[in-house]
Amino acid sequence: MADQTTTLVILGASGDLTSRLLLPALGQLLSRQPGRQVRLRGAGMDDWTDEHWRETVRTAFASMDAEDAFEKVVDTTYTKADITAPDDLTSLLSETQGRIALYFAVPPAIAAKACESLSSVDLPEGLILALEKPFGTDAESAHALNEKLAALVPESQVFRVDHFLGRSMSLNIIGARFANRVLEPIWSAEHIESIDITYDEKLGLEGRAGYYDKAGALRDMIQSHLLQLMALVTMEPPATLGEQDLRGATTSALLATRIWNDDPVASSRRGRYTTGTIDGRELPNYVDEPGVDPSRETETLAEVVLEVRNNRWAGVPITMRSGKAVGDPVKEILIRFRPVRHLPDGFTGATHGSRLRFTLGPDRMSLGLNVNGADDPFALTWARLSADLGEGALLAYAEVLSEILDGDPTLSVRGDAAEQCWRIVQPVLDAWKADEVPLQDYPAGSHGPADWPDRDY
C-alpha cells in the first residue's frame, strides 16, 4: 500500500483528463482498497477556489459510487499556477508534504516544458514524475525528453503512462500464455501463422481536433497502446512479473520489431472517414470537423504489418489496425494457429487452424476449434469455447494510480521502450509524409476503404 503521506499533485487539474478519468479512478481506488489514504493537490491555470476543487473531486468520486472515498483524502487544495514557470513549481513542491507524485495531466508539449523548468528547481527526494502519452513526437524528441528526465530523477521514478497496460486484459494475456501447458509450448512461429491486434471504435473526432488532427490514428493508438500489447504477446518468458524482468522482456520484443519486409509502402495503409451514419447518428466528413486542417492529411484509420525478428517469431506477420468512425468495430487480439500437418483421409469440411481471441472490453477469451459435426461425424465444423474474463477489480486508470502511489513502475513504459516504439513506426510516418501511401476515404459507419483486403475475424 502507498505511504499515508504520499501526495498526488495533479498538474492540469482543471482539465478534462482530470475530471473525466483521473479523479473517478482515484475515487474507485480509495473506495476499493481499505487503509489506503492520499493527500491530493490540484494545480492549473483556471482561477479556482479550494472549495470549487473539492466539489469537483466529490462529483468525480460520486460518479463511481465512491462518495465515501473522499474521507480517505487526508487533505486537498487547489493552486492556480503556471506549471512551466520554475517559481510556481518551486512553490508547489515546497508547500507539499511527504513523498510527492507529480501527474502531468496536460498536453505533451506543456509537460516537456514543465520538465525543462524542473531542472532549475530543488527537487524533493523520491519525487515521482508521471507523464501521459504520446511520449515525444518521434524517436529524436523522445530521446531528448528521456535525457531531461534522467537528469531530474532515476528511471524507476519516471512513469510513462499507457493506461492499456493498466487494463486487466494485459495480465490476462500473460496468464493465458504462461500458466497453460496447452499454449506455452506452441507460442511461436512453428505453430502460429499470424497475429492481428485491432482496436477500432465507433466514435468520430468528438471535439478533439486540437490533439488528434496533429496525431492521427498511427501515432495515437498504434505507436503507443497497440505496440505495448504486441510486446506482451510476443515477449520471451520473464522470470518474474517484477519491474526489471517484465519491462526488460517487453522492451526486448520491441527491439526486435521491424516493418514487414522493410517495406513501409506495401506494409501500411491509411484512411480518413467521410460523411456517414453510425447507430442513427450522422457524422460529418472528417475534414469538415471543427478545428481540422485538411492540409495535414491526418488519417483516422491506420494499418501496419510488423515482424518480430527473433528466433521465436521470424516469419509471422503481425497486423496492427486502429481507426475511428468504424461500423461494428473490432477490439481484439487474434492469434491464428497453423493448420495441422496431416489430416486423415475421410474427413470433410473446413479445416483451417485454431484461433485464439482476446476481446478487449468486455474482456473475453475464446478458442475456435475444428470439431466433428452433430449430423455427420465425418464432417468437421467450427466450435468456439469462450470464457468471460470480467472487467477486473479496478479501472485501468485506477491501476495506473495505484502503481504511481506505490512507486512501482512495472506497468509503465520504460524510457528505451518509448524510443523503440517511435523507431518502429518512423519508416511508415516518413512514407506517408512523402505521400507514397495513398490516403483513402471510407464512409463513417463502414469497416474501411472498399478496396482494403477483407479480414477474417
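Predicted, not measured: the structure shown is a model, and the values here were computed from it.
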Indicate yes or no: at least one non-hydrogen side-chain atom of Leu29 is less than 4.5 angstrom from one of Glu399. no
Heavy-atom check, side chain of Val287 versus side chain of Arg272, under 4.5 Å: yes
Going from CG on Leu226 to CZ on Arg321, what distance comes out if it is rounded to the nearest 0.5 angstrom? 11.5 Å
Are any of the side-chain heavy atoms of Pro264 and Asp430 separated by less than 4.5 Å? no
Would you indicate whether the side-chain heavy atoms of Val428 and Ile259 approach each other to under 4.5 Å? yes
Show your reasoning for whether ring-ring contact (aromatic ring centres under 6.0 Å, His included) applies to His143 and Trp422. CA-CA 10 Å; His143 180 72; Trp422 282 115; over 10 Å; no
Is the terminal nitrogen or CZ of Arg160 (NZ for Lys, CZ for Arg) located under 6.0 angstrom from the six-membered ring centre of Phe135 and within 45° of that ring's axis? yes
Quick check: do Leu389 and Arg364 have side-chain heavy atoms less than 4.5 Å from each other? no
Do Leu301 and Trp452 come within less than 4.5 Å of each other through their side chains, counting heavy atoms only? yes
Are Asn285 and Thr274 linked by a side-chain donor-acceptor pair shorter than 3.5 Å? no
Could you tell me whether the side chains of Asp451 and Gln440 share a donor-acceptor contact shorter than 3.5 Å? yes
Spatial distance of atom CG (Leu283) from atom OG1 (Thr277) [nearest 0.5 Å]: 8.0 Å
Do Glu132 and Tyr103 meet the criterion of a side-chain donor-acceptor pair at a distance under 3.5 Å? yes
Can you find a side-chain donor-acceptor pair between Ser188 and Trp313 that sits under 3.5 Å? no
Straight-line distance of Leu21 CG to Leu401 CG, nearest 0.5 Å: 10.0 Å
Using atom types as modelled and distance alone, determine if a side-chain donor or acceptor of Thr298 lies under 3.5 Å from a backbone N or O of Asp213. yes
With distance as the sole criterion, is a donor-acceptor pair present between the side chains of Tyr273 and Glu299 under 3.5 Å? no
Is there a side-chain contact between Asn146 and Glu419 in this structure, where contact means two heavy atoms from C-beta onward sitting under 4.5 Å apart? yes
Return the NE2 to OH distance between His163 and Tyr397, rounded to the nearest 0.5 Å. 5.5 Å
Centre of Tyr286's six-membered ring, under 6.0 Å away, within 45 degrees of the axis: is that where NZ or CZ of Lys324 sits? no
Please determine whether salt bridge (Lys or Arg N to Asp or Glu O under 4.0 Å) holds for the pair Arg341 and Glu190, giving the CA-CA distance in whole Å, both sets of side-chain angles, and the decisive distance to 0.1 Å. CA-CA 11 Å; Arg341 290 193 177 97; Glu190 183 179 357; 3.8 Å; yes
So does Tyr199 get a backbone contact from the side chain of Ser322, meaning a donor-acceptor N/O pair under 3.5 Å? yes
Would Gln426 and Arg423 count as having a side-chain donor-acceptor pair, cut-off 3.5 Å? no
A side-chain contact here means heavy atoms from C-beta on lying under 4.5 Å apart; do Leu306 and Met230 qualify? yes
Would you say the side-chain atoms of Ser31 pair up with the backbone N or O of Gly27, donor to acceptor, closer than 3.5 Å? no
